[in-house]
2 protein chains.
Amino acid sequence: MTGEAGTDSGAAAVDGVLAALADPTRRKLLDLLAARGEVSATALAERLPVTRQAVVKHLAVLDAAGLVSGHRVGREVRYEVRPAALDATARWMVALAADWDRRLATIKRLAEAAEAAEAADAAEGDDGRG
Amino acid sequence: MTGEAGTDSGAAAVDGVLAALADPTRRKLLDLLAARGEVSATALAERLPVTRQAVVKHLAVLDAAGLVSGHRVGREVRYEVRPAALDATARWMVALAADWDRRLATIKRLAEAAEAAEAADAAEGDDGRG
DNA sequence: CCGTCGTGCAACCTCCTGGTTGCACCATCA
DNA sequence: TGATGGTGCAACCAGGAGGTTGCACGACGG
């Protein structure tokens, strides 16, 4: 079901990304991953004020959103950032912002035109022209 | 005066916007506002499957994030979208995505260099020494 | 002036989310 | 083979977010 907003660049994926990005701990996690490359959940947990399990849950959310991916190396799982989903969401947001600006400009123009027409109409009725 | 005037293009404002955007009902609300211009909470509630009170709460969140603003007109309060905060967040996200790409490229290059060095070192120890 | 419409506040409820602990399992290394 | 370190799963908990209802108050129109 597409066609909600005119600016559609993968709206389905955007939902997950926005939800994932809403949490500051997850953003910190992404920051850590972006800075350090491939990191295991345990290593990440050491850099955060939460337990490994909490980190694992966050990583699951981020993975579901397509923001990270993990692959097994021996007995540990290394996670890394996935720019594609973030990039798509960024583009979506830029398009949305542009859309807002455009709509806002249009609406304001219409409002002003309506106001002017009203004023002209009132003047016409008041002046008794016709 | 809950709206913030986007002084810094940093994490503080972005945090609120992302949290606000994470909720689908709020996105729908923004969509409605962007499409219709100035709308009251009651009018918005009629287009959504929630009560007016729920809409008001969402509008409060959006206002706190700087995404909308409301002004009183007679006995009703008209809300409208505020592109500035969204635009700033979009820019932040674009920059972040670019950063990820850059860091990722750097890390991969370093990893490959390290691998090569390691291989060379091993070769040196194996072949060159003795 | 009185009825109505829209708002604002407050109490309350439910469910989801972020977080923890405990434990079992598997891979690695001495 | 046994100790260790990392993972995965499940139960459990607290708090907050989204939502509702009820009511009081201010603005508008007849």
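In what follows, chains carry the letters A, B, and so on, assigned in the order in which the sequence lines appear, proteins first and then strands, with residues in each chain numbered from 1. When reading the values below, keep in mind they use all heavy atoms of this one structure, side chains included, and skip hydrogens, waters and symmetry mates.
Taking atom NZ of K57(A) as the reference point, atom P of dG19(C) lies 9 Å away to the nearest angstrom. Atom C1' of nucleotide dT20(C) and atom CD of Q53(A) are separated by 9 Å, given to the nearest angstrom. The distance between atom CZ of R72(B) and atom C1' of dG26(D), rounded to the nearest whole Å, is 7 Å.
Checking the phosphate oxygens (OP1, OP2) of dG19(D), a side-chain nitrogen or oxygen of H58(B) falls inside 4.0 Å. Taking side-chain N and O atoms only, T51(A) has no distance below 4.0 Å to OP1 or OP2 of dG19(C).
Residue R52(B) places a side-chain atom within donor-acceptor reach of the base of dG8(C), judged by atom type and a 3.5 Å distance cut-off alone.
Within 6.0 Å of CZ on R82(A) lie no more than 12 heavy atoms contributed by other residues, nucleotides or ligands. In the displayed structure, R103(B) atom CZ is contacted under 6.0 Å by more than 12 heavy atoms of other residues, nucleotides or ligands.
Using a 4.0 Å cut-off on heavy atoms, the residues of residues 20-44 of chain A that approach DNA chain C are D23(A), T25(A), R26(A), listed by number.
With a 4.5 Å cut-off on side-chain heavy atoms, M93(A) and V94(B) do not count as touching. When side chains are defined from C-beta on, L33(B) counts as touching V68(B), because their heavy atoms get closer than 4.5 Å.
The side chain of R75(A) lies closest to dG6(D) when the candidates are dG6(C), dG19(D), dG6(D).
The pair D15(A)-R27(B) counts as a salt bridge, with a side-chain nitrogen and a carboxylate oxygen less than 4.0 angstrom apart.
Side chain of R78(B) to backbone of E38(B): no donor-acceptor contact under 3.5 angstrom is found.
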